[in-house]
Structure formats: C-alpha cells, structure tokens
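Convention: sequence-line order gives letters A, B, ...; per-chain numbering from 1. Since the model is a prediction, treat every value here as computed from it, not as a measurement.
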Amino acid sequence: MKNLWDRYAVTDFYDELTTATGSPRRAARKLVSRLRRFSLPEIRARQAAAELSIREMGISFTVYSQAGNIDRAWPFDIIPRVIPAKEWEKVSAGLSQRMRALNAFIHDVYNEKGILEAGIVPEALVVKSGGYRPECEGMEPAHDTWAHICGTDLVRDADGTFYVLEDNLRIPSGVSYMVENRQITKRVLPELFLDYSIHPVDDYPTMLYSTLESISPNRSGRPCVVVLTPGIYNSAYFEHAFLAQGMGAELVEGPDLYVDEKDRVFMRTVDGPRQVDVIYRRVDELFLDPEVFRKDSVLGVPGLMRAWRNGNVAIANAPGSGVADNKAIYAYVPDMVRFYLDEEPLIDNVHTYLCSRKEEREYVLDHLSELVVKPTNESGGYGLMVGPKATPAEHRKFARLIRKDPNNYIAQPTLALSTAPTLCEDGLGARHLDLRPFVLQGAGNWVTPGGLTRVALKEGSLVVNSSQGGGSKDTWVVD
Amino acid sequence: MLSRVAERLYWMARYLERAEDTARLVRAYSHLMFDIPRSVGADWSVLVEILDAEDAFQQRYKNPTERNTVKFLLVDGDSPSSISHSIAWARENVRTTRDVLPGPTWELMNELGLLVEDRAMYAVKREHRFEFLESLIAKIQQLNGLIASTVLRDHSLWFLQLGQMIERADMTSRVIDVGDAVIIERGREQLTEIPTLWANLLTSLSATSAYRRKIGPTLEANQVFDFILSDAQFPRSMLYCFNQIEEMVGHLRGPAGLMRLTRASATKLVRFEAEEFDLPQLHQFILDLQEDIAEINDAIVDTWFVARSD
C-alpha cells in the first residue's frame, strides 16, 4: 500500500505544496518527507488529538441558527500551508503599502477631498458607499490613521500570483484562530518544528497593544485600553476575550461604559469610575452611539462620538473607516496607491467590473454565467452569485438586480483558487483556500507573518467561511 | 475591575466550590451507606435534604433510591444542585472573565467540563463513582492551585475568595446540620452506636486528619460540632470562612455595615460551645448562621455588583 502522500492527486489548480508535476515545492520538501512517513490511521490519530486539544483549549465559534446559538469547535486541518519568506516579503510590502494608501484615502475623504476633486474617485460613489459617515467630517485622528486593523483577503490564481480580494476595514475577525492554530500544530505535530524556522505569530496581541497605545490621547503613563464587545453571545466573543487577555486589557460591554458631562469616557469598576483612553471596538459603528447612529442600540455608549470628536478617547477602527471597505471603492485602491504614495501597487486587485459604468455593466450582463457578481456593501459571502454554478433563473434575477441598482454591484472573473492537501475521508485531497493576513497601523505599520488560511472542506467548493462548512490551516512563513 | 466581571468571578468561585463540596458529600455518603447493615436500609434522601432540594427532586423522581439521588446530584443538568449544573455555570463564568484570569484557567475549566460531560453519567453506577469523584475533586483543586499561585493579589483574587468562602460556609453548615438531624431522629444516647456517621461527616469536609491532630482520634459529638463550627485554624470551619470573608471585605474596602455583619457572625462562633446547647437549639443556631450567610451575600451584591455610575 502506498503511503498517504503518494496518493495525493495533482489537480489543474495551483497547489500550495506541490508543483504541476506532483513533486513537492522547495519550501515544502521537508514537510512532505515527514508526511510520507505517516499512514492514514497515524495521521488520523494526530487529527483526533488536534480536535481534542481544540475542545480543551475551548476554541470555538458561534453559529446563529433558528434553534438558538450553537458553540461549535473550531474546524482545523492539521496539514500546514507553507509560504517561503522571500515570497512573503513581497506580499507583506504590498499589504503595508495598501494599508497606508487606504488610510490616506479615508483621511482625505473626511478632510481635503483631494482625490475626489482630482476626479480619480467619483464623489457620488463615496458618499453613497454606505460606509460614509458625515459625522466624521473634519476629524483628524492620531497619525492621520483611521483604520488601525485590517484583515485583507488574499487569493492565488492559477499562475500562483497573490491578489487582494477584499480589504476588511470594519471589524475584521479571525486573528485569534491564526494564533491558536499554531499552538495546536505545536502540540500535535511537534516533530515538524525540528525541520523549519517558522516565523512566530503569537506576538500579535502585543503588536496590537503597541498600535493602540500609539493612538492614545493620554500620553502620561500606561493608557487604559479596553476591548468593546457586543457581548457574550456574539459569534466572535471567543476572539474578543482572547485579545483582551493577550493585551492585559479590560473586556467591556456597552453598559460598562458611560460618557460624562465633560465628554470623557469612563468604565464602571468596583472602585468607582476609571477613565478610558483607547477603545478597540468590536461593535459595528452603527451601534456605537445611540445619540448619533442607531437610536435602538443597546450595545453602544451614548455620547461616545462626542468623546471621540473632542479627542478624549481613541477608537479603533475609527468610525467612518468603512468608507473604504466597499467593493466598488475597492476597484480604485491601485489608483489610491499611485495618487497618495506616488508608487506602483506591489500587490494587485482581482480584475473588477463596476456595474455603475455603462460599458462594464453591459459586459457583465453579457457574461453573467462566467462571472462572480457581488453586492458592493456586504461581507461574509452574503448576497453574491457565482455565475458558473448558478441556474439560469439566478442569472435572470441578478440581471434584474444589476439593472435596478447598478451602483450596488460589481463583478469579477471566477478565480481558479489555489489548493492544498487537506485530510479527507479517504486520504489527502486538494481543497481550495484563501488567506487573511492582518495589517496594523498606528505610529507604525506591521503585517502578520502569514495569516489565517481558510479552506473549503468540500471537494470543489470555493466557500471558505467557517459558518458555511469551511475549515482552517496553520500557515507557515519559513526561511 | 468591572462590576460585571467581579460578579462573574464571585459566582464562578461559588459554583466551583459547590461542585467540589457536592462531590465530597456524595463520596462520603456513598462510603457511609456501604457500611450500613443491609437490614437497616440505606436512606439516600438525606443528601437531597442537605441541599434543600426536596421539591426539585420530587418533581423529577418518585423514590429516593441510590440511583435517582446520585443521578440528581451528579448529572441532572436542570437541577441547580447537580455537579453538572455547577460546572456548566462555572465554565460560563470563566468564559466571560477570561481577560482577568491566568491563561491556563480556561483550558483547565474546559477539561473539567469535558470530564463531567463524558464521564458523570457512568458515575451513577457504584463501580465508576469514586474514580469520577476523585478526578473531579483533583481537577478542581488543580484549578484552585493555579488560581492561588498565579492570580494577582487584587480584586480578581478577592472576589474569587469571597465567593469560595461564602459557598463553603454555606455547604459546611448544611453538612453539619445533617449530623444534628440524625441525632435528633435517633436520640443522643444512640450516638455511640453510629460513630461512622461522625467519621464520614468529617471526611466529607476533609476534616479527618485535622481533627485527629488537634482533638484526637476519638469522635465525640460536641467536639465535632465545636471543631467544624468554630475552629479558627481549620480552613473549612465556619469560623475560618467568616474570618476570611471579613478579610476580603477589608481588602475590597467594603462598607462598615457589611463588616459589622461579618464580624457579628464570627463573634457568635467564637463564643459557641456545643455543650451549652440542646439539639433543637443547635439546629436553630445553624439555621441562623445560614440566614447570616444569605444576608452577607445580599450585601455583597448591593455593594459591588449593582452597576454604579457615580
């Protein structure tokens, strides 16, 4: 009987660990030679050990369903993904460049409006983006930085090039799983670490803390940093607690905070009020302050926007950052890099057709069965249509939707997402994956080595979301 | 520290202590029942009475058989007296206070949850019961050890200890009251015939070795009462618990009213001499102490857990 590895079938897609001829890529050679020594029952035993670790470590995520909220164990595949450090350096530089441009754009939109006046990004598109907040006009947050944390979704196409699929600038999640995945691999496959120098990922909470500290309005002594969570039933509560613990910060809910008559933010402690300097908010901005945004919000803090506008508290990501997190605005990011930084983009966008432009709309309507159509202001894979997999009825439905509200739709070619060997029923199977690195910006700018790899566990599927049957992998950047 | 977090820590400690004390109680009582001659007949309903859970028990089960009683106390998730209920709530409270607890607390708590989830049901049977209870007690002690050796000496620890001591005082008072009830039932003169009762009572409070060192190996009712209620050095005695509560309230700069309340209970215990009481009086004395505990709990809630914006 052949060993586990030798039965792994090469596919037409770019594979993370093997070349088109089926031999291991250079950076993956030592990993593959280890994997060759495993039989299926042996690797299954390791997978079972990983699953037990996950239960013991309490790594879970919440799935909302009609039957109530269910806490599910985090889905994890034990075969790591390997990226050579040299390749990662370029990606990392591209992400860092992109983050600087995005922040310059947000700052510009709420202040000088240079890029709008230059006619590079249409003003109407910005104002109608759904993420634009007139309440933020004229604000100048520390270091002119609005988005301090970004989760960028990357995919590889058939030729192995990385492309940016999305910049998540609102409240991106997943970073705790990136850190925990490494912990699990260390426990269940410790021998793999003998062969490689893998860039560590567990300093993320420290880097996040430094970023938040650098935007504190209070420059004397250790600032009071809090993580604001929507509460213990939120699907990402695990991560909120993880990050608060990792930073030694307080984890608070809206009702724990209040704003006084001098527009300062306090938290209610057993010793009385304590002033808060920096809020890492994991609450959607529309729920942040019922005085300004949604009046029915019980998750927020009345007066928080006043406190922020008066410079008494820093909020990360700043309210209004979402203006740059929109699939139509996304199409202009390469132009932003050129406009603000006077540089050429180091990492590319996926080609994007804007339905707001007549010519491009016509093209999209003629090629619906080949394209992926996405609403501009949604995230998490909601409301999109994958042309090649959709029925003619769905094609007609989206044609109607696009004609009715062209500004709300973009289309992209169906990508041949890369694959990686993943443990399945009968051995290793090629499964599609993406990558979400996290970029931090405050006084400085920092990119995680690697990121969170999400993998579609179903054969042929492109859906990597954990709420829809996706799993994850440890991601190694190796020297 | 946030009021909300303080409250969760307090309850986490209470639930953990309750689970541990219930495990000790079931273990000690199982031992006791195994010693009782078959002709006398084992009475398992006492366990339910100790926890004041007769109504809840009767809603679910017809007869207080060994199986029903132990199942009720170990795995009946709907019953607030069960170990599985206590552990589930302790875990929920750790889940929501992870930011103030040492990292490994969460992992240990999950191991504890898995232990109960996977094995508590089998422990209803005698052959697996002790192994399960031993593992459970050991895991909880591991968790307490972790807390004792790594938690900052600040609000985190003070609220945890406050919760632990309140719950322990309450559970100790319940256990000692059983001895009292049995004696009333059988008459004081019969007492010498059931020394196993006292031995097990001490065991269920982990007091055997301490009692031997301090008083000696002979078990005498009044001395057992004195020891369990008012020994200042034994860390599970009522007096010790009240002294600790007072100390924690002091650390937390609690209000004078709460200090007075705690002090009054402690003074009552310092002056206590079992000899001076007849049995109904003793029973009443313990009931009064339980009321003191409830009153102190209410004062703690009012002082720290009701959100204030002053």
Side-chain angles (χ1 to χ4, degrees), chain A residues 51-60 62 71 73 176 179-180 183-184 187 202 205 224-229 231-234 237-261 265-274 276 280 301-302, chain B residues 1-10 88-118 139 150-152 154-159 162 248-249 251-255 300-310:
Chain A
E51 276 154 23
L52 180 63
S53 280
I54 287 166
R55 286 178 75 196
E56 284 177 355
M57 289 160 78
I59 311 171
S60 65
T62 313
D71 235 13
S176 58
V179 178
E180 296 285 34
Q183 295 294 324
I184 301 164
R187 284 190 193 196
D202 53 5
C224 176
V225 176
V226 301
V227 179
L228 176 63
T229 172
I232 59 173
Y233 299 111
N234 185 268
Y237 181 79
F238 170 84
E239 178 158 299
H240 308 161
F242 176 92
L243 292 173
Q245 192 188 39
M247 293 193 290
E250 208 83 48
L251 181 62
V252 305
E253 295 173 22
D256 296 325
L257 301 180
Y258 69 94
V259 177
D260 74 352
E261 69 286 349
V265 183
F266 289 90
M267 62 178 169
R268 304 170 209 272
T269 81
V270 290
D271 290 329
R274 180 170 173 212
V276 173
Y280 175 32
V301 188
Chain B
M1 168 168 294
L2 297 171
S3 302
R4 185 172 47 74
V5 172
E7 184 170 17
R8 286 179 185 155
L9 288 177
Y10 175 80
W89 280 98
R91 182 178 179 274
E92 181 61 12
N93 281 301
V94 175
R95 185 177 86 87
T96 51
T97 49
R98 283 177 63 198
D99 50 320
V100 296
L101 292 170
T105 318
W106 174 234
E107 188 162 349
L108 264 178
M109 195 62 234
N110 283 312
E111 288 176 20
L112 204 47
L114 290 173
L115 176 74
V116 173
E117 217 172 276
D118 297 344
K139 267 264 176 290
T150 55
V151 168
L152 279 180
D154 71 354
H155 293 90
S156 317
L157 189 76
W158 301 330
F159 280 110
L162 204 50
M248 296 308 131
V249 170
H251 284 310
L252 291 162
R253 303 209 177 84
I300 289 171
V301 171
D302 286 344
T303 307
W304 289 294
F305 305 156
V306 179
R308 299 173 303 161
S309 58
D310 43 311

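- Looking at B:Glu117, only its side chain comes within 4.5 Å of chain A, counting heavy atoms on both sides.
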| said: B:His155 vs A:Thr269, test: side-chain contact (heavy atoms from CB on, under 4.5 Å). Steps then yes/no. | reply: CA-CA 10 Å; B:His155 293 90; A:Thr269 81; over 6 Å; no

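- Of the two parts of B:Arg253, neither the backbone nor the side chain holds a non-hydrogen atom closer than 4.5 Å to a non-hydrogen atom of chain A.
- No side-chain heavy atom of A:Phe242 sits less than 4.5 Å from a side-chain heavy atom of B:Trp106.
- Going from atom CD of B:Glu111 over to atom CE of A:Met57 covers 11.0 Å, rounded to the nearest 0.5 Å.
- When the candidates A:Met247, A:His240, A:Glu253 are compared by the number of heavy-atom contacts under 4.5 Å with chain B, A:Glu253 comes out ahead.
- Here A:Arg187 is the residue among A:Met267, A:Arg187, A:Arg274 with the most heavy-atom pairs under 4.5 Å with chain B.
- With a threshold of 4.5 angstrom between heavy atoms, B:Leu112 does not approach chain A through any atom at all.
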| request: Go through A:Glu250 and B:Val100 one step at a time and tell me if the side-chain contact (heavy atoms from CB on, under 4.5 Å) criterion holds. | output: CA-CA 8 Å; A:Glu250 208 83 48; B:Val100 296; 3.9 Å; yes

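- No donor-acceptor pair closer than 3.5 Å links the side chain of B:Asp99 to the backbone N or O of A:Ala244.
- Interface remark: B:Leu114 contributes side-chain atoms only to the contact with chain A (heavy atom separation under 4.5 Å).
- Nearest heavy-atom pair, A:Val270 versus B:Ala6, reported as atom, atom and distance to 0.1 Å: CG1-CB, 3.7 Å.
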| request: Let me see the working for B:Glu92 and A:Ile232 under side-chain contact (heavy atoms from CB on, under 4.5 Å), right down to the final yes or no. | output: CA-CA 9 Å; B:Glu92 181 61 12; A:Ile232 59 173; 3.7 Å; yes

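- Distance CG/B:Asn110 to CD1/A:Ile59: 9.5 Å, rounded to 0.5 Å.
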| said: What verdict does the side-chain contact (heavy atoms from CB on, under 4.5 Å) test give for A:Gln245 and B:Thr105, after you've listed the backbone C-alpha separation in whole Å, the side-chain angles of each residue and the deciding distance to 0.1 Å? | reply: CA-CA 12 Å; A:Gln245 192 188 39; B:Thr105 318; over 6 Å; no

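- Residues satisfying the ring pair (Phe, Tyr, Trp, His ring centres under 6.0 Å) test with A:Phe266, not counting sequence neighbours, are A:Tyr258.
- Under the side-chain hydrogen bond (donor to acceptor under 3.5 Å, both in side chains) criterion, A:Asp202 pairs with no residue, sequence neighbours left out.
- For A:Val227, no part lies under 4.5 angstrom from a heavy atom of chain B.
- With a threshold of 4.5 angstrom between heavy atoms, B:Pro102 approaches chain A through N, CA, C or O but not through any side-chain atom.
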